[in-house]
Amino acid sequence: VQLQASGGGLVQAGGSLRLSCAASGRTFSSYTMGWFRQAPGKEREFVARISWSGGYTVYADSVKGRFTISRDNAKNTLYLQMNILKPEDTAIYYCAADPKYTGSSAQYNYWGQGTQVTVSS
């Protein structure tokens with residue numbers, strides 16, 4: 001599976017962005033997918049994950065109520081809708097996929113290249 005993240009950019013605090021992650025491969029629909037982020041000088045941290053069917057989602061406390069993860073298996077695409085953005089959301093955002101791992105740590109087997117999100121105050 002190859003992953004290509006896009007949709008990052010510069011936005012003012014309180015604004016919104018939608019990230020996309022296009023996946024290649026016929027088995028996308030059977031993979032757990034996740035979003036992680038890494039700010040300068042910090043470790044990569046979990047943001048959200050979604051089950052293969054899209055029926056189960058988990059969020060980090062820091063984004064709960066503001067971000068929504070979703071997927072379209074017909075389009076082989078993962079999304080992250082980010083609302084009410086804060087300066088502390090500034091980071092490189094990575095999408096990840098795994099055929100077996102279903103948790104929230106960075107143990108996913110496949111990673112996208114990352115897309116930069118910058119939130120100005």
Side-chain angles (χ1 to χ4, degrees):
V1 173
Q2 291 185 325
L3 305 174
Q4 180 78 32
S6 62
L10 173 64
V11 64
Q12 288 188 331
S16 298
L17 281 175
R18 188 175 82 154
L19 305 183
S20 298
C21 176
S24 64
R26 295 176 293 175
T27 55
F28 169 83
S29 61
S30 66
Y31 284 37
T32 295
M33 303 289 295
W35 287 100
F36 290 76
R37 65 187 182 186
Q38 188 166 16
K42 295 187 177 181
E43 293 187 354
R44 190 169 298 190
E45 66 172 0
F46 167 76
V47 175
R49 60 181 169 89
I50 188 167
S51 63
W52 66 271
S53 67
Y56 182 71
T57 57
V58 177
Y59 296 91
D61 287 343
S62 59
V63 307
K64 202 173 294 182
R66 299 188 297 122
F67 290 11
T68 302
I69 188 171
S70 62
R71 66 192 296 166
D72 186 336
N73 286 340
K75 295 182 178 179
N76 277 12
T77 304
L78 174 73
Y79 302 100
L80 185 68
Q81 177 66 45
M82 305 186 295
N83 298 328
I84 317 175
L85 281 161
K86 304 175 181 180
E88 50 264 45
D89 294 319
T90 295
I92 299 175
Y93 283 71
Y94 298 89
C95 55
D98 200 279
K100 294 183 179 180
Y101 182 66
T102 59
S104 301
S105 67
Q107 296 183 36
Y108 288 72
N109 205 17
Y110 301 100
W111 291 84
Q113 86 291 357
T115 185
Q116 176 71 49
V117 172
T118 303
V119 184
S120 62
S121 57

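All heavy atoms count here, side chains included; hydrogens, waters and symmetry mates do not.
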Taking [Y]'s backbone N and O only, do any of them form a donor-acceptor pair with [X]'s side chain (distance below 3.5 Å, no angle check)?
X	Y	answer
Thr90	Glu88	no
Ser24	Gln2	yes
Asn73	Asn76	no
Ser51	Tyr56	yes
Thr118	Leu10	no

What are the two closest heavy atoms between [X] and [Y], and how far apart are they?
X	Y	value
Ile50	Thr32	O-CG2, 3.5 Å
Ala48	Leu80	CB-CD1, 4.5 Å
Thr115	Ala5	CG2-CB, 4.2 Å
Ala13	Pro87	CB-CD, 4.1 Å

Determine, using the 4.5 Å side-chain heavy-atom cutoff (strictly less than), whether [X] and [Y] are members of one ILVMFWY cluster.
X	Y	result
Tyr108	Val58	yes
Trp111	Trp52	no
Ile92	Val63	no

Let me know which of Phe36, Tyr94, Tyr93 forms a ring-ring contact (aromatic ring centres under 6.0 Å, His included) with Phe46.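 For Phe46, the ring-ring contact (aromatic ring centres under 6.0 Å, His included) test succeeds with only one of Phe36, Tyr94, Tyr93, which is Phe36.
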
Distance under 6.0 Å and angle within 45° of the ring axis: does Arg71 meet both against Tyr79?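 Here Arg71 fails the 6.0 Å and 45° test against Tyr79.
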
Hey, what do you get for [atom1] ([X]) to [atom2] ([Y]), rounding to the nearest 0.5 Å?
X	Y	atom1	atom2	answer
Met33	Thr77	CE	OG1	9.0 Å
Gln116	Gln38	CD	CD	11.0 Å
Leu78	Cys95	CG	SG	6.5 Å
Ser62	Asp89	OG	CG	7.0 Å
Arg18	Asn83	CZ	CG	11.5 Å

Report the C-alpha separation of Glu45 and Arg37 in whole Å, then their side-chain angles, then the decisive distance to 0.1 Å, and conclude whether the side-chain contact (heavy atoms from CB on, under 4.5 Å) test is met. CA-CA 5 Å; Glu45 66 172 0; Arg37 65 187 182 186; 2.6 Å; yes

With heavy-atom distances below 4.5 Å as the criterion, would you say the side chains of Gln4 and Cys21 are in contact?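 No, too far: nothing below the 4.5 Å cut-off.
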
A side-chain contact here means heavy atoms from C-beta on lying under 4.5 Å apart; do Ile69 and Trp35 qualify?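 Ile69 vs Trp35: side chains touch.
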
Residues Lys64, Asp61: salt bridge by 4.0 Å N-O rule: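 Here Lys64 pairs with Asp61 in a salt bridge, since their nearest N and O are under 4.0 Å apart.
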
For Gln113, does the CD atom sit with more than 12 other heavy atoms under 6.0 Å from it, leaving out its own atoms?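 Above 12, so yes.
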
Is the distance between the ring centroids of Tyr59 and Phe67 under 6.0 Å?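 No, the ring centres sit 6.0 Å or more apart.
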
Determine, stepwise, if the pair Leu19 / Val117 fulfils side-chain contact (heavy atoms from CB on, under 4.5 Å). CA-CA 9 Å; Leu19 305 183; Val117 172; 4.0 Å; yes

For Ser70 and Gln81, run side-chain contact (heavy atoms from CB on, under 4.5 Å): C-alpha distance rounded to whole Å, both residues' side-chain angles, the deciding distance at 0.1 Å, then the answer. CA-CA 8 Å; Ser70 62; Gln81 177 66 45; over 6 Å; no

Would you tell me whether Ser104 and Arg49 have side-chain atoms, one donor and one acceptor, within less than 3.5 Å of each other?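 Looking only at side-chain atoms, Arg49 and Ser104 do form a donor-acceptor pair, the distance falling under 3.5 Å.
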
